[in-house]
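Each remark here refers to the structure printed beneath this line.
To find a chain, count down the sequence lines: A is the first, B the second, and so on, and within it residues start at 1.
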Amino acid sequence: MKQYWLFKSEPTTFSIDDLVKSPRQTTCWEGVRNYQARNFLKSMKVGDLGFFYHSNTDPPAIVGIVQVVKAAYPDCFAFDSKSRYFDPRSVPDVPRWFLVDIRLVKKFPRALSLEQLRGINGLEKMELLRKGSRLSVQPVRPEEWQRVEGLLQDRKMTQSNPR
DNA sequence: GCCAACGTTGGC
DNA sequence: GCCAACGTTGGC
């Protein structure tokens, strides 16, 4: 059974356009230093889908869809003392932090803002919409995924059939 | 094991 | 820029 996720990034750090421009439109998802988020990374499987979310920007929004193309493997940035993600507590024999690789599936023609998401029925329990939610990698329920996908289809119809 | 202090996240 | 919410650290 396919799993769904949400990947959060500040566009000033790494945006969907950076992903568009990446080789093979693929990148490793680096910098996760939160145990809960790490555990979600470790439970990802190749083929899982995820929303790409821009945080700390105006407006915060889901801007595209990505796919997991490589399952969790040790984060070597944590071993590199020159990296901003260096963590001396993580050593190659007992790695503490992990990465997955993701590839762009599509960038939305129009971003789906946090405000719009709050107006969608069926997303009431979505982790992203929870007050105080800060997880940079989070699971999305299949029914939540379908709701958003369905809305995107509707928008497409609206675009191609004006009036 | 508790919890205060602190640093970070991220919407507004 | 503000500040609430959260995770982590470290003294005790």
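The interatomic distance linking Lys8(A) (NZ) with dG11(B) (C1') rounds to 10 Å, in whole Å. When the C1' atom of dC12(B) is taken as reference, atom CG of Leu117(A) falls 16 Å away, rounded to whole Å. Straight-line distance from the CG atom of Leu128(A) to the P atom of dT9(B): 16 Å, rounded to whole Å. As rounded to whole Å, 12 Å separates atom C1' of dG11(B) from atom CD of Glu10(A). With rounding to whole Å, Leu135(A) atom CG is found 16 Å from dG11(B) atom C1'. Taking atom OH of residue Tyr35(A) and atom P of nucleotide dT9(B), one finds them 15 Å apart after rounding to whole Å. Rounded to whole Å, the distance from CZ on Arg134(A) to C1' on dT8(B) is 6 Å. Atom CG in Asn34(A) sits roughly 15 Å away from atom C1' in dT9(C) (whole-Å rounding).
In this structure, the nucleotide among dG11(B), dT8(C), dC6(C) sitting nearest to the side chain of Tyr53(A) is dG11(B). Checking dA5(C), dG10(B), dC12(B) against the side-chain heavy atoms of Lys131(A) singles out dA5(C) as nearest. Of the candidate nucleotides dC12(B), dC6(C), dG10(B), dC12(B) has the atom nearest to the side chain of Arg118(A).
Comparing Arg89(A) and Ser133(A) against DNA chain C, the residue whose closest nucleotide sits nearer the 5' end is Ser133(A). Each of Gln36(A) and Asn56(A) lies near DNA chain C, and the nucleotide nearest Asn56(A) is the one positioned closer to the 5' end.
Applying the 6.0 Å contact sphere to CZ of Arg33(A) captures more than 12 heavy atoms from other residues, nucleotides or ligands.
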Fill in: ring-ring contact (aromatic ring centres under 6.0 Å, His included) assessment of Phe52(A) paired with Trp5(A)
CA-CA 9 Å; Phe52(A) 194 110; Trp5(A) 309 96; over 10 Å; no
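Glu127(A) has a carboxylate O that lies under 4.0 Å from a charged side-chain N of Arg130(A), or vice versa, which qualifies the two as a salt bridge. Ion pair Asp75(A)/Arg38(A) not flagged as a salt bridge, since none of the NZ, NE, NH1 or NH2 atoms sits closer than 4.0 Å to an Asp/Glu carboxylate oxygen.
A cation-pi arrangement is not found for Lys42(A) relative to Phe40(A), the charged atom failing to lie both closer than 6.0 Å to the ring centre and inside a 45° cone about the ring normal.
Residue-level contact check: Arg130(A) touches the backbone only, with heavy atoms under 4.0 Å from sugar-phosphate atoms and none from bases.
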